[in-house]
Amino acid sequence: MSPIILLSFLLGYFALLIGVSYFTSRNNSDNASFFIANRNSKWYLVAFGMIGTALSGVTFISVPGAVGKSEFGYFQFILGNAVGFVIIATVLLPLYYRLNIISIYTYLERRLGFWSYKSGAVIFLVSRTIGSSFRLYLVAIVLQKFIFDAWNVPFWLTIVICLVLIWLYTHKGGLKTIIITDTLQTVFLLLSVVLSIIFIARSLNLDIAGTFEAVKNSSYSKIFFWEDFMGSKTHFIKQFLGGIFVTIAMTGLDQDLMQKNLSMKTIGEAQKNMFTFTAVFVVMNIFFLSVGALLYLFAAKNGIDVAALKTPDHLYPEIALNYLNVIPGIIFMLGLTAATFATTDSALTALTTSFCVDFLHFDKKADQNDPKLVSKRHYVHVGFSILMVLVIMVFKLINDDSVVNAIFKAAGYTYGPLVGLFGFGMLTKKAVTDKLVPYICIVSPILCYIIDINSLNWFNYALGFELIILNGLITFILLWITGKQTTTQTKF
C-alpha cells in the first residue's frame, strides 16, 4: 500500500481529533477540567471510551500475533481480568469516592504516611511511563515500516511526530477532551476489528458460520491449559490469578484508568461504568483472538513464512498492508492508530495529573485557575512526552520479545509494590515505618528478579504473570516485619 495514502489518512485522523479538542476545551481549559473533567463525565461515555484505552495497540497487534504460540490461552488471563475489574468496582472505587480524592495515591498518605504516598506515586509514574512507551513503540514500528521508511525518516523522529500530534489535542482540555476523543477512537477500534474479521474471512472464502467453524476447528482454539503446573507459564491457575492481580494493579491502582472513573458525579455511575466496560472488554478480546487464528490460517494458505518475521507482532500488519487490498489496509491502520493513541493520550494526562497533584501539590492551591499553575501543567505535560521518546528509544535497542509479554513482565516488577502497599493499608491496622517504605519498594522487585531468573533451577517452577503476586506479597511481608503494632491514623 502506498505510504502517501497511509500518511494522508493519519494526518486526516489527527485533524479530526484536534477539532474535537478545540470544541471540548474552548470554554474551559483550567486544571479542574484537565484533571477530573469537572466531575461531570457521563458514565456510558467513559465506559465506552475506556475500551479503547484498556485494549491499546498491544491487544490489536500483539494478542493476535501471540495466538501462534499460546493459542487462545491468553483468554485465561482475560477471565482473571474480569474478576479483577469486579473487585475494583466493589472494593476500590467506594474507597476512592469516600475519600473524594483527585490522585488515588493520596490514600497512602492518609493511611500509611508521607513516604508511602510518595513511593506509590513514583511507582505509578515509572510504571505508566514504561507501559505506555511500550505500547506507543508497537504502533511506531508499524508506522515506521509502512510509512516513514519510504522517506528515510529516522525512527526517533517518527516517535516525536506521534507525541507532538497527541500533545496538540490533549494539552488544553486534558481528561475532558480525552473522554470524548477516546469514545470516538473506540468506535474506530471496534469497527476495525469487526471489519478485519470480515475481510480476512472473505479472503479465505468463508461465510459467518464457516468463519466460526474454521476458528473453532483450528489448531489455535485451545483455551484452557491444565498441563505441567510447575513448569508451564500458561497453566490456567497461573494465568487466571495473574490476570486478577495485574488488573487490580494496572487499573485499580493506576491513576490513568481510575482518573476517568473519578470524573463521574457518583459512585453508582462509576460502578455502572466498570461493569459495562468489563462485559465489552471480555467479548472484544474473543474477537482479537479470533483475528489471530484467522491470520495464521491465512498465512498457511498463502505461503507466508511467519518464522521469517522479526516478531509475531508483525503478522497482522504484514497481511493487512501487503496481502489485502486498500480498504482492509486503511481499516487496519485506523484501528491500530485509534487503539494506541487512545492509550497514550490518556497516559500522558494521568502522568501529568499525578505529578502536578502528588509532587507539585496543585490540589492544595487556593486558585486552581492561576495562569502560573496552568503554565506549569503544560511544562509537565511536555516533559513526560520527552521522557516517553527516550524510553521508547531504549526499548527499541533491547526488545527481542512480543510486546504484550514485555508489558506484563514489566508490570509484574513495577506495579507489584503498589499491590503490597494498598493491600497492607486495606487489610491490616498496623502502621508502617514510613521512612523505610521507599527502600522496601526497591528491594522487593530486586528479590523478585532474583527469584524469577532462578525459579526453574531452585524450585522447578516457571513464573508467569503471577510474578506480580509474588512481588506484592514480598512487599507486604517486608512492611509487616518492619511495621508497628497499631496505627492511630484514620481508618478507611
Side-chain angles (χ1 to χ4, degrees), residues 25 29-37 53 96 99 101-110 112-136 163-164 166-178 249-263 343-392 410-411 414-415 417-418 421-422 437-438 441-442:
S25 62
S29 58
D30 60 11
N31 287 327
S33 173
F34 188 95
F35 296 150
I36 53 175
T53 303
Y96 298 150
L99 297 177
I101 52 181
I102 295 176
S103 168
I104 63 175
Y105 308 111
T106 52
Y107 162 77
L108 296 175
E109 182 177 33
R110 300 184 191 184
L112 301 178
F114 175 83
W115 290 108
S116 299
Y117 166 43
K118 296 301 181 184
S119 297
V122 168
I123 290 168
F124 163 71
L125 293 177
V126 172
S127 302
R128 178 49 66 181
T129 299
I130 293 174
S132 297
S133 297
F134 283 179
R135 290 171 170 89
L136 184 55
L163 285 167
V164 167
I166 291 170
W167 184 87
L168 285 174
Y169 73 84
T170 60
H171 77 284
K172 281 191 175 182
L175 188 61
K176 185 177 180 180
T177 295
I178 284 172
M250 294 185 69
T251 302
L253 306 182
D254 183 285
Q255 179 66 24
D256 187 352
L257 290 172
M258 285 300 97
Q259 187 170 343
K260 293 182 175 66
N261 282 283
L262 295 176
S263 71
T343 301
T344 308
D345 60 21
S346 178
L348 278 175
T349 301
L351 289 166
T352 302
T353 299
S354 177
F355 192 84
C356 289
V357 173
D358 298 325
F359 294 95
L360 300 182
H361 306 293
F362 276 33
D363 57 326
K364 298 178 181 178
K365 307 296 184 182
D367 183 9
Q368 288 293 306
N369 297 321
D370 185 345
K372 292 182 179 180
L373 291 184
V374 175
S375 179
K376 275 187 180 180
R377 189 193 77 208
H378 289 325
Y379 287 129
V380 172
H381 203 186
V382 171
F384 277 110
S385 299
I386 294 172
L387 181 59
M388 275 195 182
V389 173
L390 299 177
V391 173
I392 291 171
T414 58
Y415 279 93
L418 268 182
L421 282 170
F422 274 85
V437 171
C441 291
I442 294 172

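Relative ring orientation between Y107 and F422 is described as parallel, the plane-to-plane angle staying below 30° on a 0-90° scale split at 30° and 60°.
Shortest non-hydrogen contact noted between Y105 and Q255 is OH-N, 3.1 Å. The shortest non-hydrogen separation linking D358 to A121 is OD2-CB, 3.6 Å.
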Problem - side chain to side chain contact (heavy atoms under 4.5 Å, CB included) between S132 and M388, intermediate numbers included - result: CA-CA 8 Å; S132 297; M388 275 195 182; 3.4 Å; yes
Handout entry: CA sep, side-chain torsions, deciding dist, call: L99, T106, side chain to side chain contact (heavy atoms under 4.5 Å, CB included)
Key = CA-CA 9 Å; L99 297 177; T106 52; over 6 Å; no
Handout entry: side chain to side chain contact (heavy atoms under 4.5 Å, CB included) assessment of L163 paired with L136
Key = CA-CA 9 Å; L163 285 167; L136 184 55; 3.7 Å; yes
Practice task
Would you please test F124 and F355 for side chain to side chain contact (heavy atoms under 4.5 Å, CB included) and show each step?
Solution key: CA-CA 10 Å; F124 163 71; F355 192 84; over 6 Å; no
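The CG atom of L348 sits 4.5 Å away from atom OG of S385, with the distance rounded to the nearest 0.5 Å. Atom-to-atom distance recorded for M258:CE and L253:CG is 8.5 Å, nearest 0.5 angstrom. Summarising the geometry, atom CG belonging to L390 is positioned 9.0 Å from atom OG belonging to S133; distances are rounded to the nearest 0.5 Å.
Looking at S127 and D254, their side chains never come closer than 4.5 Å, going by heavy atoms from C-beta outward. Residues L112 and L421 form a side-chain contact, since some pair of their non-hydrogen atoms from C-beta on lies under 4.5 Å apart. A 4.5 Å side-chain heavy-atom check between I101 and V357 finds every atom pair outside the cut-off.
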